[in-house]
Amino acid sequence: MTVPNWVKDAVFYQIFPDRFARSSLNPSANLPFESWDSPPSVYGFKGGDLYGVAEKLDYLRRLGVTAIYFNPVFASASNHRYHTYDYYNVDPLLGGNDALKKLLREARKREIRVILDGVFNHASRGFWQFHHVLENGKGSPYVNWFYFDPERLEGRRRWGAYPATGELRALKSGEGSLKAIGYQAWWNLPALPKFNTHTPAVREFIFDVAQYWVKFGVDGWRLDVPAEIDDDEFWREFRRRVRAVNPEAYIVGEIWHEAQRWLQGDQFDAVMNYPITALALNFFAAKTLNYDALKHAGGIADRLRPFHAGDAANEFDRLLHLYPEEITCAQLNLLDSHDMPRFLTCAGGDKTALKLAWLFLFTIPGAPCVYYGDEVGLDGGHDPDCRKAFPWDERQWDKDLLEYVKTCAALRHKYPSLRRGRYKRIYAEGEVWAYARSYGAENLVVAFNASNEEKTLDLFLNKKPSVLFGKPFFSGNQVVIPPRSGAVLK
């Protein structure tokens with residue numbers, strides 16, 4: 001079992017490319033995009049591009065970022081680009097392959113890794129092989145690349161990728177896409193025909209795409225809905241192919257729940273650790289949870305409820321023992337993403353909850369990941385509101401939040417115990433939770449007071465510790481933690 005060594009030390013930053021930064025270098029820059037500052041829409045494009053990201057790498061480096069996870073960048077007719085029609089070319093609206101080449105070159109100079117979103121369960125209506133079958137029916141050599149209704153293939157029923165009124169009505173009534181529109185689509189969405197990954201040519205196509213971009217210079221893959229490809233051997237071969245090109249490539253799956261099946265060391269290195277998201281909301285935002293927003297929190301919506309410290313510590317102990325330590329240290333730990341309302345909105349606007357959650361994220365095993373804009377106070381409800389454009393006017397930034405996350409990242413970079421150390425629970429009562437992280441001779445204590453009152457904690461220390469983070473004070477062997485705050489002691 002091996003995971004990339006660099007991931008344990010990484011601080012990730014997730015970027016939704018259309019919404020992060022525009023550049024005048026992009027040949028598409030003069031197209032009529034939506035106003036950058038207007039509310040995001042389902043179908044509109046803001047015009048963010050990869051040249052723009054390259055120009056902001058110094059900002060990310062100052063933030064403490066050492067790795068970027070990009071939402072899809074390949075050619076697509078949707079602003080989120082999960083409708084891929086050309087897997088070998090970066091979307092021209094993002095600057096094309098030259099923009100990714102420049103971005104990778106500039107990122108390497110700053111020791112920033114880059115992983116891409118791999119959408120391999122489904123393609124789009126514009127995908128060439130799918131289009132070929134629409135044109136030629138059963139005569140197409142690509143007929144086995146997807147799942148089609150034989151009657152449509154033989155021309156006995158209406159054929160097309162854009163459903164007519166009756167077909168849309170059938171979909172809305174619950175009829176499966178294969179029967180309703182003639183091909184199997186992911187979640188019965190007509191825009192997303194599902195690959196038939198049992199077909200050898202499809203498997204080879206996907207494996208080649210995965211290898212092509214790793215050879216191009218990317219550092220790994222985040223896999224979109226990989227559980228939908230219900231085939232362990234497919235993912236084992238995917239890993240073998242990718243690792244043959246780069247033994248240090250990171251493979252992380254989008255699995256919202258426990259993922260032992262995929263984390264045996266032969267498929268993924270890690271998953272997006274949404275159970276940590278739920279834990280952070282439940283404890284740090286216990287009093288301010290926004291239940292209207294939480295209804296849209298994807299696969300964790302049914303796990304969100306107020307926690308006391310004991311609940312939080314017990315749940316964390318459980319999560320720590322789900323997987324081998326090597327994998328736990330490589331988990332992609334996050335507070336929110338493009339697939340759920342932002343943490344700040346889920347927490348009812350409580351910025352202190354966000355701060356406490358960040359300190360937690362940066363002091364536990366696994367790689368922390370910050371969703372773009374969270375660090376300056378960006379909020380947002382259900383999609384598309386959680387995908388707002390980054391506000392580059394610094395007058396709109398919450399500088400206090402920004403400095404807080406910078407400090408958390410610096411702390412993690414400085415102390416190996418926070419990245420690679422053993423975890424030990426010290427105290428969990430009421431709204432106070434404390435744990436230790438130790439690595440070699442280095443021993444740190446992380447303590448949280450999630451209440452609205454000052455709390456005193458007896459650490460039974462032989463000597464007065466030094467304060468690395470926060471504003472606690474001491475009374476003998478006791479540490480006093482101000483309300484709604486955290487501390488790191490050495």
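Just so you know, residue 1 is the first one in the sequence shown, and it goes up from there. As the structure is a prediction and not an experimental result, all values here were calculated from the model.
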Pi-cation contact, Trp392 with Lys56 (under 6.0 Å, within 45°): yes

Can you see whether Tyr51 has Arg105 sitting over its ring - NZ or CZ less than 6.0 Å from the centre and within 45° of the normal? no

Polar contact flag, side-chain donor to acceptor under 3.5 angstrom, [X]-[Y]:
X	Y	answer
Asp311	Asn314	no
Ser23	Glu55	yes
Ser337	Gln14	no

Would [X] and [Y] count as a close aromatic pair, with their ring centres under 6.0 Å?
X	Y	value
Phe360	Phe316	yes
Phe195	Tyr147	no
Trp221	Tyr250	no

Run the salt-bridge test on [X] and [Y] with the 4.0 Å N-O cut-off and return the result as yes or no.
X	Y	answer
Lys351	Asp379	no
Arg236	Asp266	yes
Lys179	Asp149	no

Do side-chain atoms of [X] reach the backbone of [Y] as a donor and acceptor pair under 3.5 angstrom?
X	Y	answer
Asn333	Pro365	yes
Asp219	Val114	yes
Arg19	Arg387	yes
His296	Pro341	no

Between Tyr59 and Trp397, does a ring-ring contact (aromatic ring centres under 6.0 Å, His included) hold up when you go through it step by step? CA-CA 14 Å; Tyr59 164 82; Trp397 293 3; 5.7 Å; yes

Can you tell me how far apart CG (Leu320) and CD1 (Ile276) are? Round to the nearest 0.5 Å.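 These two atoms lie 7.5 Å from each other.
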
Just how far is it from atom CG of Leu116 to atom CZ of Arg222, taken to the nearest 0.5 Å? 11.5 Å

With a 4.5 Å cut-off on side-chain heavy atoms, are Pro226 and Ile255 touching? yes

